[in-house]
Each structure stands twice: as C-alpha cells, then as structure tokens.
K.L.:
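For reference, the structure I am asking about is given below.
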Amino acid sequence: LHLLFGKNFAKALEVVDGGGIVCFVGEHTGRRVYKVPGRRAGDHYIVFPAHYCACQSFQYDVVGRSEAVACKHQLAARLAGVLGRTSVSRVPDYTIAHMLLEHCA
C-alpha cells in the first residue's frame, strides 16, 4: 500500500491511530460522509473517501498536480472504515446535505 499511496499512507495511519473519525450515514439513502480530524486541535475535514476531501492537499496534490491518488484524510477514512475504527452516526439525509453545503461550498 505504501508503494501505491506514498507518504500519505503513513500519515493516514497516524490519523487513524489518533482516533476521532466519524462516519455519518444517511437514514434513507445510506450515503456515507466522514469527518476526519486535521493536524491541529479542532480542525476537521469532510470527506467522501473515493471522491473528495475539503483539505488543501486534496485540491493541490490530488486534483491540481495529480501527484497523489488520494490525500491522507481520504485514506484515513477508508482505513478506519475497514478496520472498524470509526464512530458511526445515523442521521437524516438533510443533515448530510447541510454538512456538504457548509464545508464544500
């Protein structure tokens, strides 16, 4: 995995080890959105693991320069989900829509 994801893999493992990753699941749609902690206390990013992260690294390294397949937050969300290291919260679908509007607009 390190060969595929490079430096972001080790950083993602550190995020998972730090805990605090929350998976929000829409009650009717089953849509999953993750809230992943950032480097500084109180920072967090809204993440669709396969498609989007609100961090600057995603915009710069993944989208802009195509130097990475995913940012560390996307990888951390995927790893935490597979390893059962997330808190899961079932929420109304409109709550997920509001989260996306707040953080992605």
Side-chain angles (χ1 to χ4, degrees):
L1 289 173
H2 182 68
L3 289 175
L4 180 61
F5 296 112
K7 65 180 178 172
N8 286 340
F9 181 68
K11 291 178 180 181
L13 288 174
E14 290 176 12
V15 173
V16 172
D17 285 342
I21 298 174
V22 180
C23 176
F24 296 95
V25 181
E27 288 176 333
H28 297 336
T29 62
R31 180 173 289 133
R32 293 176 180 267
V33 175
Y34 293 80
K35 184 169 86 171
V36 179
R39 186 178 3 227
R40 292 182 296 226
D43 282 354
H44 65 272
Y45 298 98
I46 299 301
V47 177
F48 279 110
H51 305 290
Y52 177 80
C53 179
C55 76
Q56 289 181 344
S57 177
F58 176 79
Q59 297 299 322
Y60 188 70
D61 294 330
V62 178
V63 175
R65 299 186 337 184
S66 298
E67 288 187 358
V69 176
C71 72
K72 70 179 179 183
H73 307 105
Q74 289 176 291
L75 295 175
R78 289 181 189 178
L79 289 168
V82 169
L83 297 172
R85 301 279 307 268
T86 62
S87 298
V88 178
S89 180
R90 294 191 67 77
V91 297
D93 290 297
Y94 65 82
T95 300
I96 291 178
H98 285 278
M99 289 172 60
L100 296 173
L101 286 172
E102 270 182 32
H103 294 280
C104 302

K.L.:
At their closest point, which heavy atom of Asn8 faces which heavy atom of Ala68, and how far apart are they?
P.N.:
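Taking every non-hydrogen atom into account, ND2-CB, 4.0 Å.
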K.L.:
Which atom pairs, donor and acceptor, lie under 3.5 Å between side-chain atoms of residues 90-100 and protein residues at least two apart or in another chain?
P.N.:
{"unit_1": "Arg90", "atom_1": "NH2", "unit_2": "Glu27", "atom_2": "O", "d": "3.1"}
{"unit_1": "Asp93", "atom_1": "OD1", "unit_2": "Thr29", "atom_2": "OG1", "d": "2.6"}
{"unit_1": "Asp93", "atom_1": "OD2", "unit_2": "His28", "atom_2": "N", "d": "3.1"}
{"unit_1": "Asp93", "atom_1": "OD2", "unit_2": "Thr29", "atom_2": "N", "d": "3.4"}

K.L.:
Look at atom CD of Gln56 and say whether more than 12 heavy atoms of other residues, nucleotides or ligands are closer to it than 6.0 Å.
P.N.:
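Open: at most 12 neighbouring heavy atoms sit under 6.0 Å from CD of Gln56.
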K.L.:
Which atom pairs, one a donor and one an acceptor, fall under 3.5 Å between side chains of residues 32-49 and the rest of the protein, sequence neighbours left out?
P.N.:
{"unit_1": "Arg40", "atom_1": "NE", "unit_2": "Asp43", "atom_2": "OD2", "d": "3.1"}
{"unit_1": "Arg40", "atom_1": "NH2", "unit_2": "Asp43", "atom_2": "OD2", "d": "3.3"}

K.L.:
Per the salt bridge (Lys or Arg N to Asp or Glu O under 4.0 Å) rule, what does the pair list look like for residues 63-89, sequence neighbours excluded?
P.N.:
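Qualifying pairs: Asp17-Arg85, Asp61-Arg65, Arg65-Glu67.
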K.L.:
If I compare all heavy atoms of Ala80 with all of Thr86, which pair ends up nearest, and what's the gap?
P.N.:
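Scanning both residues completely, I find the closest heavy atoms to be CB-CG2, 3.5 Å.
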K.L.:
Is there a path of hydrophobic side-chain contacts, each under 4.5 Å between heavy atoms of I/L/V/M/F/W/Y residues, joining Val69 to Leu75?
P.N.:
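They do share one cluster, since a chain of ILVMFWY contacts under 4.5 Å joins Leu75 to Val69.
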K.L.:
I need the minimum non-hydrogen distance between Leu79 and Ala12, along with the two atoms involved.
P.N.:
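Leu79 and Ala12 have their closest heavy atoms at CD1-CB, 4.1 Å.
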K.L.:
For Phe58, give me all partners under ring pair (Phe, Tyr, Trp, His ring centres under 6.0 Å), at least two apart in sequence or on another chain.
P.N.:
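With sequence neighbours excluded, Phe58 shows a ring pair (Phe, Tyr, Trp, His ring centres under 6.0 Å) to Tyr52, given in chain and number order.
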